[in-house]
Amino acid sequence: MITVVLADDHPLVRDGLRAVFAGAADIDVLAEADNGRDAVSEVVRHRPDVVLMDLDMPEVHGIEATREITAQCSTTAVLVLTMFEDDESVFAAVSAGATGYLLKGSDGTDILTAVRAAATGQTVFGPDFADRLRNWLAGPTPAEKSPFPELTPRELDILDHLAAGLTNAEIGERLHLSTKTIANNVSTILNKLNFTQRGQAIVRAREAGLGRRHTERPD
């Protein structure tokens with residue numbers, strides 16, 4: 001029996017996945033999580049064969065959750081299931097230890113095949129993603145091109161908004177996150193970049209070209 005934990009902050013997505021696995025006699029869903037922090041906790045508690053991980057998760061981003069899971073539960077395969085198909089997200093997930101990457105919208109058969117493959121230690125990437133991985137091996141990776149490779153995609157997005165001069169409340173409104181979550185992420189960003197003040201991070205981010213996409217504030 002293949003054991004699975006579902007990690008996605010959208011109930012409808014989890015409902016759909018449960019329905020897919022309900023028809024598979026060889027797969028058992030042990031637990032669910034609607035944020036990254038709980039995803040790590042549930043995986044550590046149940047030690048499943050596979051965790052299906054969304055990336056854009058509250059509290060702890062899916063990339064960070066993947067990194068923590070692979071560090072604490074080496075026998076659990078992280079299979080990312082997300083709407084993001086940009087190079088930075090794919091590479092960040094792989095760098096964090098994900099063994100597979102699927103897009104939301106994949107049909108049930110593809111998801112079942114991917115889970116079964118991941119449970120046996122196989123890597124699971126579509127043809128397009130496999131081509132990207134080969135290209136990354138042949139040249140500089142997106143993370144190496146980034147001015148802040150130590151930041152997760154979510155942290156980089158928040159820094160981008162900071163560089164535009166937005167407050168924590170304004171950033172939270174745009175990203176659909178609480179002000180406290182934004183404040184916690186800002187603290188993490190400052191620590192990772194070795195800054196003691198918010199203004200230092202803003203100046204450095206602007207020098208790197210961030211903030212330009214968010215200069216127009218919503219009415």
Side-chain angles (χ1 to χ4, degrees), residues 5 7-9 33-45 51 53-74 76 78 80 82-84 86-99 101 136 140-215 217-218:
V5 166
D8 196 294
D9 61 329
D34 60 6
N35 64 74
R37 191 177 309 282
D38 286 348
V40 175
S41 298
E42 292 297 336
V43 169
V44 171
R45 178 180 298 113
V51 54
M53 177 68 68
D54 186 20
L55 290 186
D56 192 21
M57 295 275 278
E59 296 194 25
V60 174
H61 192 271
I63 297 296
E64 286 298 326
T66 296
R67 187 174 292 112
E68 292 186 34
I69 287 170
T70 54
Q72 298 184 54
C73 304
S74 59
T76 296
V78 180
V80 171
T82 181
M83 67 178 63
F84 299 108
D86 58 283
D87 287 354
E88 289 76 11
S89 294
V90 178
F91 185 80
V94 173
S95 298
T99 59
Y101 200 102
W136 290 331
T141 67
E144 290 170 341
K145 297 176 184 178
S146 170
F148 306 102
E150 60 270 71
L151 301 183
T152 66
R154 169 169 286 178
E155 290 164 354
L156 187 61
D157 193 17
I158 291 174
L159 181 59
D160 193 16
H161 285 79
L162 280 180
L166 301 181
T167 66
N168 288 355
E170 289 170 332
I171 297 172
E173 182 177 354
R174 292 195 177 196
L175 299 183
H176 307 290
L177 297 170
S178 70
T179 301
K180 181 179 180 181
T181 296
I182 297 300
N184 289 340
N185 275 272
V186 170
S187 295
T188 299
I189 291 168
L190 296 181
N191 288 333
K192 285 186 176 182
L193 300 182
N194 294 317
F195 293 139
T196 58
Q197 297 181 2
R198 182 189 185 102
Q200 293 173 304
I202 291 174
V203 170
R204 178 67 184 87
R206 287 177 178 173
E207 290 175 347
L210 299 185
R212 297 171 184 170
R213 295 185 300 123
H214 309 292
T215 52
R217 302 192 181 202

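What's counted below: heavy atoms across the whole structure, side chains too, no hydrogens, waters or symmetry copies.
For T82, the side-chain hydrogen bond (donor to acceptor under 3.5 Å, both in side chains) test picks out no residue, with sequence neighbours left out. Applying the side-chain hydrogen bond (donor to acceptor under 3.5 Å, both in side chains) criterion to D8, with sequence neighbours excluded, gives H10, K104. Applying the salt bridge (Lys or Arg N to Asp or Glu O under 4.0 Å) rule to R206 yields no partners; only residues at least two apart in sequence or on another chain are considered. Remark: R198 engages no residue in a salt bridge (Lys or Arg N to Asp or Glu O under 4.0 Å) (not counting sequence neighbours). T99 is linked by a side chain to side chain contact (heavy atoms under 4.5 Å, CB included) to A77, A118, counting only residues two or more places apart in sequence or in another chain. In this structure, D34 has no salt bridge (Lys or Arg N to Asp or Glu O under 4.0 Å) partners at least two apart in sequence or on a different chain. Listed by chain and residue number, I63, V80, A98, Y101 satisfy the side chain to side chain contact (heavy atoms under 4.5 Å, CB included) test with A93 (two or more places apart in sequence, or in another chain). Considering only residues two or more places apart in sequence or on other chains, A208 meets the side chain to side chain contact (heavy atoms under 4.5 Å, CB included) condition with P147, F148, R204. Residues forming a side-chain hydrogen bond (donor to acceptor under 3.5 Å, both in side chains) with T196 (at least two apart in sequence, or on another chain): Q200. For A169, the side chain to side chain contact (heavy atoms under 4.5 Å, CB included) partners are T167, T179, not counting sequence neighbours. With sequence neighbours left out, the side-chain hydrogen bond (donor to acceptor under 3.5 Å, both in side chains) criterion links S89 to D86.
Counting all heavy atoms, side chain and backbone alike, M53 lies closest to G62 at CG-O, 4.0 Å. Closest heavy-atom contact between E150 and L193: OE2-CD2, 3.5 Å. Between V44 and C73, the shortest heavy-atom contact is CA-SG, 3.8 Å. Closest non-hydrogen pair, I189 versus L159, comes out as CD1-N, 4.1 Å. The two residues G211 and A164 come nearest to each other via the heavy atoms O-CB, 3.4 Å.
Looking at N185 and I171, their side chains never come closer than 4.5 Å, going by heavy atoms from C-beta outward. Under the 4.5 Å side-chain criterion, counting only non-hydrogen atoms from C-beta, N35 is not in contact with V60. Using a 4.5 Å heavy-atom threshold, the side chains of Q197 and L190 count as separate.
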Kindly determine whether L177 and R154 satisfy side chain to side chain contact (heavy atoms under 4.5 Å, CB included), including the steps that lead there. CA-CA 11 Å; L177 297 170; R154 169 169 286 178; 3.9 Å; yes
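Rounded to the nearest 0.5 Å, atoms OG1 (T181) and CG (L175) are 10.5 Å apart. Going from atom OG1 of T188 over to atom CG of L151 covers 9.5 Å, rounded to the nearest 0.5 Å. Remark: E173 CD to L166 CG distance equals 10.0 Å, nearest 0.5 Å. Here CG of L162 is found 8.5 Å from CD1 of I182. Values are rounded to the nearest 0.5 Å. Taking CD1 of I69 as the start and OG of S41 as the end, the distance is 9.5 Å to the nearest 0.5 Å. Going from atom NE2 of H61 over to atom CG of L156 covers 10.5 Å, rounded to the nearest 0.5 Å.
Between the D54 side chain and the M57 main chain, no donor and acceptor come within less than 3.5 Å of each other. Between the T70 side chain and the A96 main chain, a donor and an acceptor come within less than 3.5 Å of each other. A donor-acceptor pair under 3.5 Å is formed between the side chain of H161 and the backbone N or O of D157.
Applying the salt bridge (Lys or Arg N to Asp or Glu O under 4.0 Å) test to every pair with at least one member in residues 59-70, sequence neighbours left out, gives these pairs: R37-E59, E64-R67, E64-K192.
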